[in-house]
Amino acid sequence: MKIFNTLKGRKEEFVPLEPGKVKMYVCGPTVYNFIHIGNARPMIVFDTIRRYLEYKGYDVNYVSNFTDVDDKIIKKAVEEGVDSSVISERYIGECKADMAAMNVMPATVHPKATEEIDGMLDLIGTLVKKGHAYRAADGTVYFRTSSFKEYGKLSHKNLDDLVSGFRELKVTGEEGKEDPSDFVLWKPKKEGEPYWESPWCQGRPGWHIECSAMSRKYLGEQIDIHGGGEDLIFPHHENEIAQSEAASGKEFAKYWMHNGFLNIDNKKMSKSLGNFFTVREISEKFDLQVLRFFMLSAHYRSPLNFSEELMEASKNGLERIYNGLDKLRELESTAAAETLLEEEKPFCQKMEELVAKYEAAMEDDFNTADAVSAVFELVKLGNSTAHGESSREYAATLRKTLESLCGVLGIVTQRKKEVLDEEVEAMIAARGQARKEKNFALADEIRQKLLDMGIVLEDTREGVKWKRA
């Protein structure tokens, strides 16, 4: 299996730190609003990579965080006149709902930054003791980039050039830095903001320290794969490497993987351009399985252009797969012969060749575009060779093969059954009653059942609203 390693700038053979096990960390969203389709791409990409590793027999420990303390969260909380935790918990719930609708599996652990402060304080303390960090007069703790000789190795940037650039972009209030390239590990509280006690001042963590601390706690000092969007290479991932390796003296992550940017109608996604879409908005026009299928239509490292026309094409492609599977399921119950026929053996050989083609694509840096092509060839094989004279065994084998390969891509292979409005309303009422009785486990179970049925709930000030995903 070959993986393109951003750190080395080339494809490398994948050899995990521990045979049969993979430790994988992927940076999650900042939860101040509904996730947008740019957030969706790494979620889908790395979920698919995880699924393929598990398909190949690896035990994957997959960690993806929620950043639940941030300036944007605090700003929204002030606007609504609520505690910042109300905002973050609301949008963690909405994010999980969208992830489920996209068939993104829950991570092994989804740590929240606010629940991992002790680990961050411990890591910052280690960096201070080792001379890699220092406290400024106002209590801010900075990482001393000059103390880490390999700073810039992921982004392939030269520190001297970075320092020059940082001097031009110096931010007001950062006069306490020894050097413009130093970055914040801990910052003093401001009026009305959440804060925690620390040896340096009452305050909250900088963004970069969060992932290093959470990765260390749940995966250890060294991990196999660290992933995220290419916009995180610098400074976020660069800073993660610096603080993690300065603290441990060990290589932090063996393989660094980054997905390409998502453009909208050939333009960068931007609220100012009016081409900014949340996943929830997309769900009003398309089943989110279509969005997932669309995301997998290109190699994860390639830029991907989103448009309604391309989504329609993905919808039609998904329909071809569903139609092929429907035909095979019908044949399983109606075909004349029970066991495999002699003339079907060459078709089974072709099936095995296409599975090998699919696996070869996935093992070449997870080339989902070519893997999808192999799936379509399997559908074509079924359409041209499975018919009333076929055996049930052949139809079942082809159907199971297709379902397995689609499952690795996270494509749900059963059509959603139509759900009556009355049934939905009854389940929503039952969930509301469970919440009144503080039976939150039952309320969550009902919400999940509705998600499985393609119904997305939104808790608003006016009450619960629902729509079909």
**Message:** Is the ring pair Tyr55/Tyr358 parallel, tilted or perpendicular, if the boundaries are 30 and 60 degrees?
**Reply:** perpendicular
**Prompt:** Is a donor on one side and an acceptor on the other found under 3.5 Å between the side chain of His110 and the backbone of Ser64?
**Reply:** yes
With a 4.0 Å cut-off, would you call [X] and [Y] a salt bridge?
| X | Y | result |
| --- | --- | --- |
| Lys11 | Asp364 | yes |
| Lys400 | Glu332 | no |
| Arg10 | Glu12 | yes |
| Lys449 | Asp452 | no |
| Glu13 | Lys2 | no |

Which pairs of donor and acceptor atoms, one on a side chain in residues 20-30, lie under 3.5 Å apart (sequence neighbours left out)?
residue	atom	partner	partner atom	Å
Lys23	NZ	Leu219	O	3.1
Lys23	NZ	Gln222	O	2.9
Tyr25	OH	Asn65	OD1	3.3

**Message:** Does anything in residues 246-256 form a salt bridge (charged side-chain N to carboxylate O under 4.0 Å, His left out)? List the pairs, not counting sequence neighbours.
**Reply:** Glu221-Lys250
**Prompt:** Which pairs count as salt bridge (charged side-chain N to carboxylate O under 4.0 Å, His left out) when at least one residue sits in residues 235-247, sequence neighbours excluded?
**Reply:** Lys153-Glu245
**Item:** Matching residue for Tyr255 among Phe14, Phe366, Phe4 - test: ring pair (Phe, Tyr, Trp, His ring centres under 6.0 Å)
**Value:** Phe14
**Request:** Report yes or no: is the cationic atom of Arg41 (NZ for Lys, CZ for Arg) under 6.0 Å from the centre of the six-membered ring of Tyr300, at an angle within 45° of the ring normal?
**Result:** no
